[in-house]
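Quick caveat, the model's predicted, so the values are computed rather than measured. Counting from 1, the numbers follow the sequence of the chain as shown. What you see below is based on every heavy atom in this structure, not just the backbone, and it leaves out hydrogens, waters and symmetry mates.
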Amino acid sequence: MKHLLLKLEPVIWLLFGGGIMVGTLLLPGYLLTVGLAGPLGWLPADALSWERLHGMVSHPIGGLLFRVVLLALIALPLWKGAHHLRHFLIDIGGGARDAAVAPLLYLIATG
């Protein structure tokens with residue numbers, strides 16, 4: 001298992017970097033728009049209306065784009081957290097169990 005993790009290390013770091021980018025740049029903007037600007041009335045009344053969003057996600061391209069963005073907003077920061085937790089466990093003396101813990105953490109992050 002350790003050999004497989006070493007072969008997948010570039011992919012793991014790529015997803016980790018994506019998680020950093022999404023978690024620091026896109027997720028706060030999304031939360032600001034949906035969680036603060038919408039309820040406070042800073043957006044036009046129909047900007048987040050059901051009809052508009054349903055029309056966007058019911059279109060094949062819009063629905064696919066919405067799913068990809070939503071997956072990125074959820075999965076990539078979870079992957080970053082799993083990577084941080086893995087290396088924290090290694091730092092506190094869990095290096096011997098890394099071959100069992102790392103796949104479990106990454107499976108939880110992707111699931």
Side-chain angles (χ1 to χ4, degrees):
M1 183 56 84
K2 188 79 167 171
H3 183 67
L4 178 65
L5 284 173
L6 289 174
K7 283 183 130 181
L8 291 175
E9 196 71 21
V11 175
I12 291 170
W13 278 100
L14 178 70
L15 292 170
F16 175 74
I20 290 175
M21 192 268 308
V22 167
T24 56
L25 296 177
L26 300 179
L27 191 59
Y30 175 77
L31 292 175
L32 178 69
T33 302
V34 174
L36 192 64
L40 289 177
W42 296 347
L43 298 174
D46 65 338
L48 298 175
S49 69
W50 169 257
E51 293 80 17
R52 184 174 180 165
L53 292 177
H54 185 286
M56 182 185 73
V57 299
S58 64
H59 189 274
I61 295 173
L64 178 66
L65 182 64
F66 180 76
R67 287 181 182 97
V68 167
V69 168
L70 198 58
L71 178 69
L73 285 174
I74 294 170
L76 289 176
L78 284 176
W79 188 278
K80 179 182 79 84
H83 196 70
H84 275 296
L85 185 58
R86 173 188 175 204
H87 283 280
F88 171 73
L89 292 174
I90 290 172
D91 287 345
I92 63 171
R97 294 180 296 272
D98 183 49
V101 172
L104 179 66
L105 287 172
Y106 294 135
L107 183 67
I108 291 170
T110 56

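- In this structure, Leu8 CG and His3 NE2 are separated by 10.0 Å, a value rounded to the nearest 0.5 Å.
- A pairwise comparison of heavy atoms in Pro28 and Gly23 identifies CD-O, 3.4 Å as the closest pair.
- Under the 4.5 Å side-chain heavy-atom criterion for grouping Ile, Leu, Val, Met, Phe, Trp and Tyr, Leu65 is connected to Tyr30 within one hydrophobic cluster.
- When all heavy atoms of Leu76 and Val22 are compared, the closest pair comes out as CD1-CG2, 3.8 Å.
- Rounding to the nearest 0.5 angstrom, the gap separating the CD atom in Glu9 from the CZ atom in Phe16 is 11.0 Å.
- At a threshold of 4.5 Å between side-chain heavy atoms, the hydrophobic network of Ile, Leu, Val, Met, Phe, Trp and Tyr places Val34 and Val69 in one connected group.
- Closest approach of Leu105 to Leu85, counting heavy atoms only: CD2-CD2, 3.6 Å.
- Separation of the Tyr106 and Trp79 ring centroids falls under the 6.0 Å cut-off.
- Two different hydrophobic clusters hold Leu70 and Leu64 under the rule that ILVMFWY side chains link at heavy-atom gaps under 4.5 Å.
- Leu104 and Leu89 are not part of a single hydrophobic cluster, where members link through side-chain heavy atoms under 4.5 Å apart.
- Interatomic distance, Leu31 CG to Leu26 CG, rounded to the nearest 0.5 Å: 11.0 Å.
- Cluster partners of Leu36, using a side-chain heavy-atom cutoff of under 4.5 Å among ILVMFWY residues and allowing indirect links, are Leu32, Leu40, Trp42.
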Exercise for review: Would you check, one step at a time, whether the test side-chain contact (heavy atoms from CB on, under 4.5 Å) holds for Met56 with Arg52?
Suggested key: CA-CA 6 Å; Met56 182 185 73; Arg52 184 174 180 165; 6.0 Å; no
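- Following chains of ILVMFWY side-chain contacts shorter than 4.5 Å, one can reach Met21 starting from Val11, so the two form part of one hydrophobic cluster.
- Relative ring orientation between Trp50 and His54 is described as tilted, the plane-to-plane angle lying within the 30° to 60° band.
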